[in-house]
Amino acid sequence: MGSSTVAGQGTFVVEPSWALVAEEAGGGSPAGAAAGGGTRLLRDPSIIVEGDTIAEVREGRLAGRHRRIRADGCLLLPGFISGHTHVAA
């Protein structure tokens, strides 16, 4: 991705090897995770980005023809502002 911005780039999928996502208390969806929930490590997830917003985090690879950013060997922390402090909580 380099130093370019993703705003205005339409919809694309980021495919890291792993993603650490927050969960709502009770094991709900990572989207809008509430305080008190845990974290879950996903293997080979698909992170769907619309413009500059994470629209969805899915387990497994998304089928079909999509613009993709392959991030093999990388860990993605979608939605974490400061991963080094929030993951330790």
_N/O donor-acceptor pair under 3.5 Å between T11 side chain and E50 backbone_ = no
_pair R43-S17: side-chain heavy atoms closer than 4.5 Å_ = yes
*asked:* Could you see if V57 belongs to whatever hydrophobic cluster contains L62? Use Ile, Leu, Val, Met, Phe, Trp, Tyr and a side-chain cutoff under 4.5 Å.
replied: no
*Pair E15-H66, side-chain contact (heavy atoms from CB on, under 4.5 Å): steps then yes or no*: CA-CA 11 Å; E15 296 178 329; H66 303 279; over 6 Å; no
*asked:* Please enumerate all residues that pass side-chain contact (heavy atoms from CB on, under 4.5 Å) together with R65, with sequence neighbours excluded.
replied: none
*Mind checking side-chain contact (heavy atoms from CB on, under 4.5 Å) for L75 and listing every partner two or more places apart, or none if nothing turns up?*
W18, L20, L41, L77
_When you group the ILVMFWY residues by side-chain heavy-atom contacts below 4.5 Å and let the links chain together, are I54 and L42 in the same group?_
yes
*Are V13 and I69 connected in a single hydrophobic cluster, I mean Ile/Leu/Val/Met/Phe/Trp/Tyr linked by side-chain heavy atoms less than 4.5 Å apart?*
no
_Considering all heavy atoms, the nearest P45-I47 contact_ = CG-CD1, 3.9 Å
*Interatomic distance, R68 atom CZ to S46 atom OG [nearest 0.5 angstrom]*: 6.5 Å
*Using the test salt bridge (Lys or Arg N to Asp or Glu O under 4.0 Å), find all partners of R61 that sit at least two apart in sequence or belong to another chain.*
D44
